[in-house]
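Here is the structure we will look at, set down as structure tokens.
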Protein chains: 2
Amino acid sequence: MTIQTESPPSDDAPKACRPADCLAEDWLSFLGHRWNALALWQLTAGPLRFTELQAALPRITPKVLTERVAGLVARGLVLRSESNHYPREVSYSLSPRGRALGRILLDLYDWAEADAAAP
Amino acid sequence: MTIQTESPPSDDAPKACRPADCLAEDWLSFLGHRWNALALWQLTAGPLRFTELQAALPRITPKVLTERVAGLVARGLVLRSESNHYPREVSYSLSPRGRALGRILLDLYDWAEADAAAP
DNA sequence: CCGAATCCTACATGATACTG
DNA sequence: CAGTATCATGTAGGATTCGG
């Protein structure tokens, strides 16, 4: 399922859903992909560096974190800024679009909390 | 990641996030799991029977559909009603909780659409 | 410090056939 | 009709190591 790579051009299967549904399903898959949503959530508190993000995401390996962060950047949710002095210092922060999505996630968090509170 | 099965009892890794975050991450993983969100979405239009759901979810196999639907029911998002005459007729519909979640997904759909419209 | 390059394995997903 | 039962497989995810 070519998601974190880039464009899922022609999926083999003809999707029997309206475009908006496909879009949303795509995003949902992306967010459900392990670490993606959590990483995004961590960044809502402010910019973080690679190592900080790694520390915030227990047991994630650098390889996977690299992939996930690349996906978030590729989808325009996260911005990457790099200083060119040594040792280099890379910082990740939410784009406006990422913040907008973060607000929606917040609704989900509220829903989940209410759900847990009133079973 | 024991998610669609049932209780993820004691995750080996100590989660370094607030409870609400863990809950949300859990839900996000669940929703991102293939077919789950799409199945939920299909049911927002009204109750569907097993075969109808299968038809609405192209290329899903009965085995997987069974698993997914069981997960949705186990999480209290979907209700299952069965008639006991022959041939038997099972119908799936959203619970109030499922509908509430559906509304949040709708926000995500809107966001995704707006996102696609204004790149 | 921030990754890239390999290698490897478990699990989620699928295909197919069968049954109450 | 609404599922189970097997079997097969691809790939996401992880462990480890190395490099700019």
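Please read all numbers here as calculations on a predicted model, not as lab measurements. Only this structure's heavy atoms are used, side chains among them; waters, hydrogens and symmetry mates stay out.
Judged by distance alone, with hydrogens and angles left aside, B/Lys63 brings a side-chain donor or acceptor within reach of the base of C/dG14, the pair sitting under 3.5 Å.
Residue B/Leu65 contributes atom CG, which lies 16 Å from atom P of D/dA5 at whole-angstrom precision. To the nearest angstrom, C1' of D/dT11 lies 15 Å from CZ of A/Arg34. One can place CZ of A/Phe30 at 16 Å from C1' of D/dG13, the figure rounded to the nearest angstrom. Between A/Ile60 atom CD1 and D/dG13 atom C1' there is a gap of 10 Å when expressed in whole angstrom units. Counting to the nearest Å, the C1' atom of D/dA2 and the CG atom of B/Leu48 are 15 Å from each other. Put simply, CD on B/Glu67 is 10 Å from P on D/dT4, counting in whole angstrom units. For the pair B/Asn84 CG and D/dC1 P, the computed distance is 18 Å after rounding to whole Å. In this structure, CZ of B/Phe50 is placed 8 Å from P of D/dT4, rounded to the nearest angstrom.
Ranked by how close their nearest DNA chain D nucleotide is to the 5' end, B/Glu89 and A/Val64 are led by B/Glu89. Along DNA chain C, the nucleotide nearest A/Glu52 and the nucleotide nearest B/Gly32 are compared for position; the residue whose nucleotide lies closer to the 5' end is A/Glu52.
Nearest nucleotide to the B/His33 side chain, out of C/dA12, C/dG3, D/dT4: C/dA12. In the set D/dA2, C/dA5, C/dC1, the nucleotide with an atom closest to the side chain of A/Arg49 is C/dC1. For B/Thr51, the listed nucleotide lying nearest its side chain is D/dC1; candidates were D/dG3, D/dC1, C/dG14. Of all nucleotides listed (D/dG3, C/dG3, D/dG13), D/dG3 comes nearest to the side chain of B/Arg88. When distances run from any side-chain atom of B/Arg80 to the nucleotides D/dA2, C/dA15, D/dG14, the shortest one goes to D/dA2.
A close approach under 4.0 Å does not occur between any side-chain nitrogen or oxygen of B/Tyr92 and OP1 or OP2 of D/dC1. When the side-chain nitrogen and oxygen atoms of B/Arg68 are compared with OP1 and OP2 of C/dT13, one or more of them lie within a distance under 4.0 Å. Side-chain nitrogen and oxygen atoms of A/Arg59 include none within less than 4.0 Å of the OP1 or OP2 phosphate oxygen of D/dA15.
Nearest heavy atoms, B/Gln54 versus B/Pro62: NE2-CD, 3.4 Å.
Both the sub-6.0 Å distance and the 45° axial angle are satisfied by A/Arg75 relative to the ring of A/Trp27.
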| request: List the steps and the verdict of side chain to side chain contact (heavy atoms under 4.5 Å, CB included) for A/Arg88 and A/Glu82. | output: CA-CA 7 Å; A/Arg88 80 191 212 262; A/Glu82 177 175 2; 2.9 Å; yes
| said: Could you go through A/Trp35 and A/Leu65, starting from their C-alpha distance and side-chain angles, then the distance that decides it, and tell me whether this counts as side chain to side chain contact (heavy atoms under 4.5 Å, CB included)? | reply: CA-CA 8 Å; A/Trp35 306 117; A/Leu65 181 55; over 6 Å; no
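Among A/Val69, A/Leu48, A/Leu79, the single residue meeting the side chain to side chain contact (heavy atoms under 4.5 Å, CB included) criterion with A/Tyr92 is A/Val69.
Residue-level contact check: B/Glu82 touches neither bases nor backbone, having no heavy atom under 4.0 Å from any strand.
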